[in-house]
Number of protein chains: 2
Amino acid sequence: MAVRGPRKDSPRLTARGAATRERIVATAADLMFRQGVTATTLDQVVDACGISKSQLYHYFPDKDALITEVIAMRERRMVSSQKPQLDQVRSMRDLERWRDSLVTGHRERDVPYRCPIGSLANELSCYDDARQSLAAIFSRWQGLLADGLVRMRESGELDPGADPAELAVAVIAALQGGYLLAETMQDEQPFLVALDMALDHVKAHVRTPVANLTQPDT
Amino acid sequence: MAVRGPRKDSPRLTARGAATRERIVATAADLMFRQGVTATTLDQVVDACGISKSQLYHYFPDKDALITEVIAMRERRMVSSQKPQLDQVRSMRDLERWRDSLVTGHRERDVPYRCPIGSLANELSCYDDARQSLAAIFSRWQGLLADGLVRMRESGELDPGADPAELAVAVIAALQGGYLLAETMQDEQPFLVALDMALDHVKAHVRTPVANLTQPDT
DNA sequence: GGAGGACTGGACGATTTCGTCCAGTTTGTG
DNA sequence: CACAAACTGGACGAAATCGTCCAGTCCTCC
């Protein structure tokens, strides 16, 4: 898991080889996403990928190594899809845009309501290596969000007393819970409700200009 | 799954037999809780339970049937642990007590931060039978919570415009997300943060007496 | 005390899964 | 060209896993 040598997992690797390797990981990631890790067979990966078994074992010593790579790919994908958006966050409005893109993203590609990271985390949390990697991914994700909240605080929109890190954790938790309920109930409503709660929670820490203090309707 | 005959799964069943059957389910539930369903072997169940394999197959036709029973047990346990508390909920204060008992419950018995229902849901959501049962459990849970919120609304504490069902979904989602993060990070903080967010969210729908409208610190 | 359920204990087979191995072909690159 | 990597294809073994089966003992209730 730790990076020991200079290049340990690439002892002379052609562009083509790297591509195949990547394809294997992608295929495994997809199968594991849909069926779960334990339920996914190496033979399934081989078949779905259209390669022969010897190729799989040419690139990966065993299933665990493949799983490790799948996790790594999940992190890359999360960052590449989330970072561009979260880096833009400077206001409550931006955060709402982020939420909307999560929702619409699931609507157009009709991928099941399910978090590729959360589902791995649930299944692999009893294996410490994997668990730690997944914890790091969550941290990273949370960090991206927290950075946005920090910017909101610096720009004065967020209350100076608000804790961006803590808010970010809450938002990710809501996201995960929303995914799980939506998936289980096969209904996107819990996902929407959870995300709205999360954003409301952030909004509760938005600096309230006096103008916003309208008279209470009592 | 559906109850067809008068007693289909108890064709003459001694008290002792029923007890053993129950012990098998409990043992399986425990193993599946800690390792996951797919990762749990029938031989493991047999060993952990101290019975012989023929007994397992005497009571259950196959692994699926056992899983079904495990899910049913999870529902019973959830209801028996949650209903007494949630039925008491009549105020924000009661809700906070519920949250506290969730936290302290996990602290004293040092059971891992992990939802017995949520983890099953995550792993079994691709099998429609199981998924539906688990969705029903979530609904039930949410219903218990919503009932409490309805009482809060009736007593005037909760805003008449608040939607108890929706609030309950949000709370359960936060709970689930909190579990997942806490488990993965091996830290109870995300669990606390998520639950606090959820309660704040409910609190935001509490009727605000004029007395509570203290001057904003601007 | 007798019938039937509860239970042991392990043999057994079928199948799946992981992982190995290798002989031979194709592709790519210095 | 020559060498190495990429790849096929499938045989193979070991182990795990599911599920069956049965002979025989123990317990319980009518």
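As a basis for the values below, the full set of heavy atoms in this structure was taken, side chains included, without hydrogen atoms, waters or symmetry mates. As the structure is a prediction and not an experimental result, all values here were calculated from the model.
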Could you check how far [atom1] of [X] sits from [atom2] of [N], rounded to whole Å?
| X | N | atom1 | atom2 | answer |
| --- | --- | --- | --- | --- |
| A:Ile67 | C:dC18 | CD1 | C1' | 12 Å |
| A:Arg21 | D:dC7 | CZ | C1' | 16 Å |
| A:Ile51 | D:dA5 | CD1 | C1' | 15 Å |
| A:Leu13 | C:dT27 | CG | P | 18 Å |
| A:His58 | D:dG9 | NE2 | P | 17 Å |
| A:Gln44 | C:dT15 | CD | P | 18 Å |
| B:Leu56 | C:dT8 | CG | C1' | 14 Å |

If we ignore hydrogens and angles and just use 3.5 Å, is the side chain of B:Gln176 paired with the main-chain N or O of A:Gln176 as donor and acceptor?
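Checking the backbone N and O of A:Gln176 against the side chain of B:Gln176, no donor-acceptor pair under 3.5 Å is found.
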Can any side-chain N or O of B:Arg114 pair as donor or acceptor with the backbone N or O of B:Glu183 at less than 3.5 Å?
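Absent.
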Would you indicate, yes or no, if D:dA6 has its OP1 or OP2 atom less than 4.0 angstrom from a side-chain nitrogen or oxygen of A:Gln55?
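So the side chain of A:Gln55 is outside the cut-off, no N or O lying under 4.0 Å from OP1 or OP2 of D:dA6.
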Presence of B:Ser52 side-chain N/O under 4.0 Å of C:dG9 phosphate oxygens OP1/OP2:
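Result: no.
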Footprint string (nucleotides 18-30 of chain D, 5' to 3'): B base within contact, S backbone only, - free, heavy atoms under 4.0 Å:
BBBBB----S---
Base, sugar-phosphate, or nothing: which does A:Tyr59 touch, judged by heavy atoms less than 4.0 Å apart?
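Sugar-phosphate, backbone atoms only, no base.
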Those residues that, when tested against A:Tyr113, pass ring-ring contact (aromatic ring centres under 6.0 Å, His included) (two or more places apart):
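Scan of A:Tyr113 (ring-ring contact (aromatic ring centres under 6.0 Å, His included), adjacent residues dropped) gives A:His106, A:Phe191.
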Take atom CZ in B:Arg109; do more than 12 heavy atoms of anything else shown fall under 6.0 Å from it?
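At most 12 heavy atoms, drawn from other residues, nucleotides or ligands, come within 6.0 Å of this atom.
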Assess whether side-chain hydrogen bond (donor to acceptor under 3.5 Å, both in side chains) is satisfied between A:Gln82 and A:Trp98, documenting all intermediate values.
CA-CA 9 Å; A:Gln82 294 291 296; A:Trp98 169 71; 2.9 Å; yes
Scan side-chain atoms only and decide if B:Thr20 and B:Gln55 contain a donor-acceptor pair under the 3.5 Å cut-off.
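Side chains of B:Thr20 and B:Gln55: no pair found under 3.5 Å.
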